[in-house]
Structures are given as C-alpha cells and as structure tokens.
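All remarks here apply to the structure that follows.
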Amino acid sequence: MTRRLRDFGLICGVLEPGPLNAITDVPGVVVGHCTLSEGDLRTGFTAILPHRGNLFRRKLRAGCEVINGFGKSAGLMQLAELGQIETPLLLTNTLSVGTGFEALVSRALAANPDIGRETGTVNPLVLECNDGFLSDIRARALTQDHAFAALDAAVGGPVAEGAIGAGTGMSAFGFKGGIGSASRCLRLDGQDFTLGALVLANFGVAGDLVLPDGRKPLPPDAGTVAERGSVIIVLATDVPLESRQLTRVARRAGAGLARLGAFWGNGSGDIALAFSTADPIDHDEPGDLAPLRVLNENRIDNLFRAAADATQEAVLNAMVAAPALTGRDGHRRPSLADWLMDAR
C-alpha cells in the first residue's frame, strides 16, 4: 500500500481534507498515468481531465500564475489572456512537451471536425519538469501513444502517487519526488465545496525541506547543488469563480511551496494553474451575454488557505509515496518515507 504524509502523523494546515484527500474529490475530475521505466528511462505522462466531456465545446474557467518562469510549458499564454481551458492537461518531461501538444491536438481534431475550418484552432495545455537527472531525457522516448494511454487511463478515485507517470524521474529536495495530490473541504452558503491539488514535484535544494512539525530532513550524501528543478501545481475546485479569482487562488500555491522551504530558484520553473468545474462555457454560445456566478470576493480567503495547505501536502505526499530509485548512469534518489521511518 502506498504511504502518505498522514500515515506519519503529519498534517498541513487546519482545513479538513476530502474523502480521498486528492484532486479527484472535486466531482468530475479524473487522472491517468502512463509510465516508461526501462533501461535509462524513468519518465512518462500524467493526464488530468477536468471533465469527461468535450472540453473544446464545454470549456472551463481558469487562471495561472508563473511563480518563476524558467519553464517550457505550452498553452499558458492563451490561458492567461482568455481565462479558459479547452483540452485536458498533460504533465511530462521538458523535451516531451511537443509530443504531448501533438497528442492533444490529434484528440481535439478527431472530436471536433470544425476546428481550423468553421471555428478557431485549439490551445493544448502541456506542463513540464526536467527529469534528466534520473532519466535519459535526450532519448525523447515518449510518443503520442504514451500520451493517449495516460488520457485513456484517467479515472476517479484515489490518485496514484510518487514515481508514476510524469513523476517517474522527478526529484525534490534531494529525495525522490513525483506526483502527489491533496484536497480541502469548504462550506459556502450552506453548500459543500472542494479544492483539490495535484503536483509534479521536481524542485528544492537538499537540506531546505521543512516538515509540518519543523524538522528539516537531510538526504544521505547530499551535495551542494543549485536549484534547477521545477514544480507544476494544478488546482481544481467546484466553487464558482471567474478567471481573475482563479489566478488569485493559483498564486497562493506559492505560499504552500514556501512553507516547504522553497525559494523559487533562478533555474526552477514554478507554475500554478487553477480551474473551476462550475458553469462551463459553451463554445457555441448563441447569446451576446452569458450568465456567470462568482464567489463573493470577501469570502475568498478560505480558498487561499486551501490552496496553500493542499499544495504543501500534495508535495509531501509525492515524496512520501515515492520509493528510493536508481536511474540513468546510476544516479540515485532516496525516499523521504525511509527517512521518516528511521527518524521514528
């Protein structure tokens, strides 16, 4: 059974998690992985589908925050301009962004024959981290079929974490990193809502990590290495928010990273993206004016807190779930879970 942070008695923040403590606590959100682990390859794709329908026709409101822009993600410019997402999200390694882009375009064209003809083109979202320490990133081994496999594997329920999918070859704070998830419950106007986070954790300097109880784990044989990783944070909620509010929520993911000891180094691509599943936008909306529900701005602080808490816990879940791993050229990352076990 995969271990999680709370198995070691560690809790982030004061808000309650959802039943799964995962991004899939947000109704309709599903996650899939495809892992490539052979020879010197430790890589893959992770897919997040905000809903199972046609996202090009039923877009969702979104916002993004570039915390530190040393990254090569695709699709963020139009997202920031229009405040919408219209494809699933793919996470992968830096040199496979183009492959993921092609896969999302292929799926969108197949489902929407009018793209590029009677209507506009499509804006694929592919976000990346560099897994080159543990994987032969130069091999560019991932194909569109691997991306399709991640998209087709997307399911609800518990999210597989650690060294899986895009997280297979990632490192964090000198330990093994990877995919992690968490969620927080919210109550607004007597209704229950959820904010969930999924992270691709590949950042942080060895020795800087701070646990919720104040301890600072130091991995064995930790050297002095500059911060050259990245982290991708995807936040999902069913709270009705407009894109400006979602950008504000995404920005608070940075608070969760800071709690962990991160300082967003020069060579780290730290990107947060938030979307709401409430009130999809009809691509074929016939009216000049469209209805819109939004959260009272004076009630947004709990979402800010939820974003920080869920981001912090999702990163630690990724690290605890990932076993020690040896990759390219014998490069090795230890497991945070093993450190926690030894420290008991």
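- Between His283 and Phe56, the two ring planes are tilted [angle within 30° to 60°].
- Within the 3.5 Å criterion, the main-chain N or O of Ser171 finds a donor-acceptor partner in the side chain of Asn202.
- To the nearest 0.5 angstrom, Leu336 atom CG is 10.5 Å from Asn317 atom CG.
- Test Arg244, Arg252, Arg251 against Glu65 for salt bridge (Lys or Arg N to Asp or Glu O under 4.0 Å) and you get one pass: Arg251.
- For the pair Ile179/Leu200, a side-chain contact is recorded, criterion being any heavy-atom separation below 4.5 Å from C-beta on.
- The structure places OG of Ser73 at 11.5 Å from CG of Leu90, a figure rounded to the nearest 0.5 Å.
- A donor-acceptor pair is defined here as one N or O able to donate and one able to accept, closer than 3.5 Å; no such pair exists between the side chain of Arg42 and the backbone of Ala163.
- Put simply, the side chain of Asp7 gets close to the backbone of Arg4: a donor and an acceptor are under 3.5 Å apart.
- Ring pair Phe45/His146: centre-to-centre distance not below 6.0 Å.
- Around CG of Asp213, the count of heavy atoms belonging to other residues, nucleotides or ligands within 6.0 Å exceeds 12.
- Panel note: side chain Arg6, backbone Gly9; no donor-acceptor pair is recorded below 3.5 Å.
- Of the inter-residue distances, the one linking Ser183 atom OG with Leu235 atom CG reads 11.5 Å to the nearest 0.5 angstrom.
- Glu285 places a side-chain N or O within donor-acceptor distance of the main-chain N or O of Gly287, the cut-off being under 3.5 Å.
- Judged purely by distance below 3.5 Å, without hydrogens or angles, the side chains of Ser106 and Gln144 pair a donor atom with an acceptor atom.
- Side-chain contact between Val239 and Leu195 is absent, with no heavy-atom pair separated by less than 4.5 Å.
- Of the possible polar contacts, one joining the Thr35 side chain to the Gly165 backbone as a donor-acceptor pair under 3.5 Å is found.
- Checked by atom type, the side-chain pair Ser268/Asp270 shows a donor-acceptor distance below 3.5 Å.
- For the residue pair Asn112/Asn54, the side-chain donor-acceptor check at 3.5 Å is satisfied.
- With no hydrogens or angles considered, a side-chain donor-acceptor pair links Arg332 and Thr326 at under 3.5 Å.
- Thr94 places a side-chain N or O within 3.5 Å of a backbone atom of Cys129 that can act as its donor or acceptor partner.
- Under the 3.5 Å distance criterion, with hydrogens and angles disregarded, no donor-acceptor pair is assigned to the side chains of Asp25 and Thr194.
- The closest donor-acceptor contact from the side chain of Ser181 to the backbone of Ile23 lies under 3.5 Å.
- Although no hydrogens or angles enter the test, the distance criterion places no donor-acceptor pair under 3.5 Å between the side chain of Gln312 and the main chain of Asp309.
- Remark: the backbone N or O of Gly132 is paired with a side-chain donor or acceptor of Asn130 at under 3.5 angstrom.
- Note on Phe203 and Ile67: same hydrophobic cluster, where clusters join Ile, Leu, Val, Met, Phe, Trp and Tyr whose side-chain heavy atoms are under 4.5 Å apart, directly or indirectly.
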